[in-house]
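Just so you know, ligand 1 is whichever comes first in the structure, and atom 1 is the first atom listed for that ligand. The residues of the chain are indexed from 1 along the displayed sequence. Just so it is clear, the values below take in all heavy atoms, side chains as well, and ignore hydrogens, waters and symmetry mates.
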Amino acid sequence: MAILLSTKAHTMQDWKAALLQVDPTLDIRLFPDVGEAAEIEAAVVWTAHDMMELRRYPNLKLIVSMGAGVDHLLRPPGPPPGIPVARLKDVLLTSAMAEWVLLNVLRFHRQDPEYRALQQRKEWLELSAPSTSERRIGILGIGELGSASARILTTLGFPVMGWSRTPKSLPGVTNFHGAEGLMEMARLSDILVCLLPLTPDTRGVLNAKLLQALPRGAFVINGARGGHMVAADMLAALDSGHVAGAALDVFEPEPLPQESPFWSHPKVFLTPHAASITIPSSVAPQVVENIHNMRAGRPLINLVNFSLGY
Ligand code: NDP
Ligand code: OXD
């Protein structure tokens with residue numbers, strides 16, 4: 001039996017090598033060179049793979065996302081009925097996201113955009129500087145990535161709040177949950193970070209109502225999915241000055257079209273969905289563990305809850 005690998009990223013060969021490093025006996029097929037469809041028992045796929053295509057494999061028993069996010073697998077038509085989906089949880093994926101969040105929190109906290117503008121004008125001017133204890137940070141989604149980012153930020157003395165679906169208790173993090181908790185936290189967030197999974201419940205969460213609830217001059221950092229942001233609402237909030245700056249890694253659609261105003265917006269700091277990139281050698285052990293679990297009939301790890309969408 002064989003494992004199907006499918007990604008349009010340049011890392012396809014790295015994935016194959018990483019999985020074989022953990023289990024050299026695996027038979028790995030690189031899409032579209034699949035061979036006999038009946039031999040495919042697991043598919044390790046990324047965003048471009050067509051979920052209808054996976055219905056071709058009569059013996060498919062497991063689908064693994066090549067990332068932490070699974071919205072690309074769950075949106076209609078979704079995975080073949082009855083086939084479990086696993087996500088990745090990985091120390092390097094988590095730490096890279098925390099680095100990206102920290103980079104952007106510090107960019108805004110330390111007034112880097114203003115200092116760059118002063119430099120352009122050759123103006124020697126010291127700006128008044130709030131301490132970390134005066135810059136409140138709200139994190140939407142306090143799971144694997146959000147809680148790691150919260151840990152680093154609390155260490156630096158930022159007051160950190162986290163919004164989750166269910167109540168949560170994390171050291172040094174004030175928890176909010178549910179619809180009322182969202183607005184309550186937004187009103188207190190000088191910097192709002194989005195690290196939510198994209199689900200029907202979270203789509204469009206960064207909308208005019210939420211952005212207007214932030215204190216005037218707040219900053220927004222979105223490292224989750226483009227579908228969380230209502231683009232027109234974000235542009236309006238930036239243009240009115242209500243939101244003073246945004247660091248955006250994710251967009252809908254991706255790649256961001258050339259004509260998008262986000263490319264050249266003076267208050268936007270943009271990265272091309274590069275906040276945290278899966279490193280195949282780091283995640284291969286958990287993928288192989290799940291393949292072995294599937295073959296042995298043992299419980300699978302990092303399974304996605306279809307009804308929650310993450
Ligand atoms: P987790 O599943 O570990 O955490 C999700 C968090 O979001 C949990 O705290 C969960 O609440 C909360 N949440 C989910 N739905 C709701 C809701 N309706 N209302 C309030 N809170 C909600 O996910 P990860 O931290 O691992 O990843 C988050 C996302 O980051 C991924 O889904 C992916 O889209 C994105 N990502 C982006 C990358 C990039 O490079 N830009 C890289 C990797 C991931 P609860 O704790 O109650 O379950
Ligand atoms: C992920 C991503 O979900 O890279 O892991 O976006």
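No side-chain N or O of S169 forms a donor-acceptor pair with one of N175 less than 3.5 Å apart. A donor-acceptor contact under 3.5 angstrom links the side chains of T202 and H228, judged on distance only.
Summary of contacts: the protein heavy atom closest to atom 9 (O) of ligand 1 is I142 N, 3.0 Å. Closest protein heavy atom to atom 37 (C) of ligand 1: G223 O, 3.1 Å. Closest to atom 10 (C) of ligand 1 among all protein heavy atoms lies Y310 OH, 3.6 Å. Looking only at protein heavy atoms, the nearest one to atom 3 (O) of ligand 1 is E144 N, 2.9 Å. The protein non-hydrogen atom at the shortest distance from atom 25 (O) of ligand 1 is L145 N, 2.9 Å. The single protein non-hydrogen atom nearest to atom 42 (C) of ligand 1 is S276 O, 3.6 Å, given as residue, atom name and distance.
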* Please test K16 against D14 for salt bridge (Lys or Arg N to Asp or Glu O under 4.0 Å), starting from the C-alpha separation and ending with a verdict. => CA-CA 5 Å; K16 181 175 177 180; D14 297 348; over 6 Å; no
* **Working for side chain to side chain contact (heavy atoms under 4.5 Å, CB included), residues F219 and V243** => CA-CA 6 Å; F219 301 95; V243 170; 5.8 Å; no
* Mind running salt bridge (Lys or Arg N to Asp or Glu O under 4.0 Å) on E184 and R187 for me, showing each step along the way? => CA-CA 5 Å; E184 220 180 308; R187 281 192 281 275; over 6 Å; no
* Verify ring-ring contact (aromatic ring centres under 6.0 Å, His included) between F158 and H109, making sure each step is shown before the conclusion. => CA-CA 10 Å; F158 290 102; H109 172 63; 5.0 Å; yes
* Working for side chain to side chain donor-acceptor pair (under 3.5 Å), residues N305 and S307 -> CA-CA 6 Å; N305 180 326; S307 59; 2.8 Å; yes
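Here I277 has no heavy atoms under 4.0 Å from ligand 1, in either its backbone or its side chain. Here D201 has side-chain heavy atoms under 4.0 Å from ligand 1, and that is the only part of it that gets that close. When heavy-atom distances to ligand 1 are checked against a 4.0 Å cut-off, K168 comes that close only through its side chain, counted from C-beta outward. Residue R165 touches ligand 1 through backbone and side chain together, judged by heavy-atom distances below 4.0 Å. Residue-level proximity to ligand 1 for L196 is carried by backbone and side chain together, each with a heavy atom below 4.0 angstrom.
The hydrophobic cluster containing V160 also contains L145, counting ILVMFWY residues as joined when their side-chain heavy atoms lie under 4.5 angstrom apart, directly or transitively.
Of the residues listed (H265, H273, M229), the one engaging L248 in a side chain to side chain contact (heavy atoms under 4.5 Å, CB included) is M229, and it is the only one. Partner of T278 under the side chain to side chain contact (heavy atoms under 4.5 Å, CB included) criterion, out of L92, L88, T7: L88 alone.
The ligand atoms of ligand 1 that sit less than 4.0 angstrom from a heavy atom of L195 are 28 (C). Short contacts between ligand 1 and W163, defined as distances under 4.0 Å to a heavy atom of the residue, involve ligand atoms 19 (N), 20 (C). Close contacts between ligand 1 and T202 involve ligand atoms 15 (N), 16 (C), 17 (C), 18 (N) [criterion: under 4.0 Å to a heavy atom]. Here is the list of ligand 1 atoms found below 4.0 Å of a heavy atom in H273: 39 (C), 40 (O), 41 (N). Counting the atoms of ligand 1 from 1 in the order shown, those under 4.0 Å from a heavy atom of T166 are 45 (P), 47 (O). Under a 4.0 Å criterion applied to the non-hydrogen atoms of V250, ligand 1 contributes the atoms 41 (N). Atoms of ligand 1 found under 4.0 Å from any heavy atom of M97 (numbered from 1 in listed order, with element): 37 (C), 38 (C), 39 (C), 41 (N), 42 (C).
Ion pairing between a basic and an acidic side chain is recognised when a charged N comes within 4.0 Å of a carboxylate O; R116 and D112 show such pairing. A salt bridge is defined here as a Lys NZ or Arg NE, NH1 or NH2 lying under 4.0 Å from an Asp or Glu carboxylate O, and R136 with D190 meets this definition. Between E252 and R203 there is a salt bridge, with a side-chain nitrogen of the basic residue lying less than 4.0 Å from a carboxylate oxygen of the acidic one.
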Report every pair formed by an N or O atom of ligand 2 and a protein N or O atom separated by less than 3.5 Å, giving atom names and the distance to 0.1 Å.
| from | atom 1 | to | atom 2 | distance (Å) |
| --- | --- | --- | --- | --- |
| ligand 2 | 3 (O) | A68 | N | 3.3 |
| ligand 2 | 3 (O) | G69 | N | 2.7 |
| ligand 2 | 3 (O) | R225 | NH2 | 2.8 |
| ligand 2 | 5 (O) | A68 | N | 2.7 |
| ligand 2 | 6 (O) | R225 | NH1 | 2.8 |
| ligand 2 | 6 (O) | R225 | NH2 | 3.2 |
| ligand 2 | 6 (O) | H273 | NE2 | 2.6 |

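For atom 7 (O) of ligand 1, the choice among G143, P197, G162, A68 with the nearest heavy atom turns out to be P197. Distances from atom 35 (C) of ligand 1 to the heavy atoms of A224, G181, G69 show the closest one on A224.
Side-chain N or O atoms of Y57 include none that pairs as donor or acceptor with a backbone N or O of L4 at under 3.5 Å. The main-chain N or O of L20 is never found under 3.5 Å from a side-chain atom of D23 such that the two would form a donor-acceptor pair.
The closest approach between R87 and ligand 1 falls below 4.0 Å for a heavy atom of the residue. Ligand 1 does not have T199 within reach: every non-hydrogen atom of the residue lies 4.0 Å or more from it.
Within the structure, ring-ring contact (aromatic ring centres under 6.0 Å, His included) contacts touching residues 26-46 (residues at least two apart or in different chains) are F31-H49, W46-H72.
In this structure the side chain of I63 never reaches within 4.5 angstrom of the side chain of V44, judged on heavy atoms.
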